[in-house]
There are 2 protein chains.
Amino acid sequence: MQNQALTDQFSELCKKSGLKITPQRCAVYGHLMTSRNHPTAVEVYRTVRGRFPNISYDTVNRTLLTFAEIGLVDILQTKGGPRRFDPVMDNHHHFYCVDCGKIIDFTSQHYEDLKIPDRIRAECTVFTQRVVLNGLCPRCRKKKRTP
Amino acid sequence: MQNQALTDQFSELCKKSGLKITPQRCAVYGHLMTSRNHPTAVEVYRTVRGRFPNISYDTVNRTLLTFAEIGLVDILQTKGGPRRFDPVMDNHHHFYCVDCGKIIDFTSQHYEDLKIPDRIRAECTVFTQRVVLNGLCPRCRKKKRTP
DNA sequence: CTTTTTGCAAAGCGTTTGCATTGAA
DNA sequence: TTCAATGCAAACGCTTTGCAAAAAG
């Protein structure tokens with residue numbers, strides 16, 4: 001992790017959750033917070049290994065799961081395939097391409113104040129609320145038109 | 001499949017998609033349309049085998065994937081674990097329990113006419129639109145209160 | 001010094017593939 | 001008779017586990 005602010009932020013978080021601060025965790029955290037994708041464990045592994053050649057895939061994967069437990073990242077809901085991780089940020093929503101699987105983030109004021117149905121609100125505790133759109137991304141839409 | 005209406009409906013669908021009508025497919029279809037769960041391939045397999053002992057897991061799994069391709073079932077978006085299938089019905093939405101993984105269906109008039117953000121509408125083709133709630137189901141909420 | 005974390009290897013679980021056989025059209 | 005669908009077995013990909021060695025607090 002090059003950035004001092006990031007390092008401090010991360011130390012804070014670890015202390016609060018009773019986690020030890022290891023260079024491996026720092027590397028994973030640093031990568032996550034500066035990438036705007038929805039990487040799989042393998043993808044994170046490959047990138048982090050660039051600046052940290054000794055790290056094992058296993059550590060990366062377990063680190064990501066640990067981060068998910070302390071609420072640092074979300075695990076995306078996908079239709080099979082490898083698990084995808086999403087740094088927790090301001091409330092955003094997802095568009096899924098049914099053709100290539102690409103995920104596009106977006107925000108919408110209109111989706112912020114959705115009313116939760118009475119039945120659910122009465123019986124369940126709702127933590128988060130997300131809109132998921134399924135369709136064709138720009139690239140796949142073009143492909144379909146001119147096959 | 002016991003029900004005549006179901007059988008006819010299914011024959012129709014197969015013809016339209018160029019699929020052959022096999023007893024195995026009928027069995028899977030019959031089970032799907034009369035269950036109100038979100039079964040995995042294994043679960044469908046175990047149930048169908050009750051009335052169709054020779055069917056293989058493999059056929060069940062491939063049949064479900066085929067059904068997904070012709071739009072007869074949806075593949076649910078989940079956080080890992082085995083794939084779950086959802087019979088396509090009227091527009092419904094999902095509540096996920098973050099503790100036990102239970103999925104609760106619900107409908108809501110309020111979610112029917114959500115406006116799709118301009119940026120997405122301009123660049124993508126949107127097929128479906130779903131709201132996903134994450135939280136604690138009734139049972140897990142109770143457990144948390146009295147641990 | 002104690003306890004967590006790491007790295008490695010093996011096991012586990014679910015999905016996918018190839019191919020010969022069977023069955024629908 | 002033809003071509004798709006089935007059943008089986010093996011391969012595959014990703015995740016999880018167990019454990020000894022290393023590192024953090």
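Labels below follow one simple rule: chain letters A, B, ... track the order of the sequence lines, proteins then strands, and each chain is numbered from 1. No hydrogens, no waters, no symmetry mates; every other heavy atom, side chains included, goes into these values.
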Handout entry: B:T22 side-chain N/O to D:dA5 phosphate OP1/OP2 under 4.0 Å
Key = no

Practice task
Would you kindly give the CG-to-P distance between B:N61 and C:dG18, to the nearest whole Å?
Solution key: 16 Å

Practice task
Let me know, please, whether B:S56 or A:P82 comes out on the 5' side of the other along DNA chain D by nearest nucleotide.
Solution key: B:S56

Exercise for the section: Indicate the ring-plane relationship of A:H38 and A:H92, choosing parallel, tilted or perpendicular according to the 30° and 60° boundaries. Expected result: tilted

Exercise for the section: Assign each of B:K20 and A:L19 to its nearest nucleotide of DNA chain C by heavy atoms, then name whichever residue's nucleotide is nearer the 5' end. Expected result: A:L19

Exercise for the section: Output yes when a side-chain donor or acceptor of A:R49 lies under 3.5 Å from a complementary backbone atom of A:N54, and no otherwise. Expected result: no

Fill in the blank from the handout: In whole angstroms, the gap separating C1' of D:dT16 from CD of A:E69 amounts to 14 Å

Practice task
Under 4.0 Å between any heavy atoms, over every strand shown, what does A:L65 touch: base, sugar-phosphate, or nothing? Just pick one.
Solution key: sugar-phosphate

Problem - For atom CZ of A:F52 and atom C1' of C:dG7, their distance in whole Å - result: 12 Å

Practice task
For A:Y111 and B:K115, indicate whether the former's side chain and the latter's backbone hold a donor-acceptor pair under 3.5 Å.
Solution key: yes

Exercise for the section: Can you tell me the distance, in whole Å, between the CZ atom of B:F85 and the P atom of C:dG14? Expected result: 13 Å

Practice task
To the nearest Å, give me how far apart CG (A:D58) and C1' (C:dT4) are.
Solution key: 15 Å

Exercise for the section: May I ask you to decide if A:Q109's main-chain N or O and A:E112's side chain share a donor-acceptor pair within less than 3.5 Å? Expected result: no

Practice task
Report yes if a side-chain nitrogen or oxygen of B:Q24 is closer than 4.0 Å to either non-bridging phosphate oxygen (OP1 or OP2) of C:dA24; otherwise report no.
Solution key: no

Exercise for the section: Using a 4.0 Å heavy-atom cut-off across all strands, classify A:R83 as base, sugar-phosphate, or nothing. Expected result: sugar-phosphate

Problem - DNA chain C: 5'-proximal contact among B:A41 and B:R62 (nearest heavy atom) - result: B:A41

Practice task
Would you indicate, yes or no, if C:dT15 has its OP1 or OP2 atom less than 4.0 angstrom from a side-chain nitrogen or oxygen of B:Y57?
Solution key: yes

Problem - Nearest-Å distance for atom pair OH/C1', residues B:Y29 and D:dA5 - result: 19 Å

Handout entry: Spacing of A:Y45 atom OH relative to C:dC8 atom C1', expressed in whole Å
Key = 11 Å

Problem - A:R25 CZ to C:dG7 C1', straight-line distance once rounded to whole Å - result: 14 Å

Exercise for the section: Could you tell me whether A:N54 contacts a base, only the sugar-phosphate backbone, or nothing, with contacts defined as non-hydrogen atoms closer than 4.0 Å? Expected result: sugar-phosphate

Problem - Verdict with reasoning, A:R84 to A:D74, per salt bridge (Lys or Arg N to Asp or Glu O under 4.0 Å) - result: CA-CA 9 Å; A:R84 295 196 165 271; A:D74 275 346; over 6 Å; no

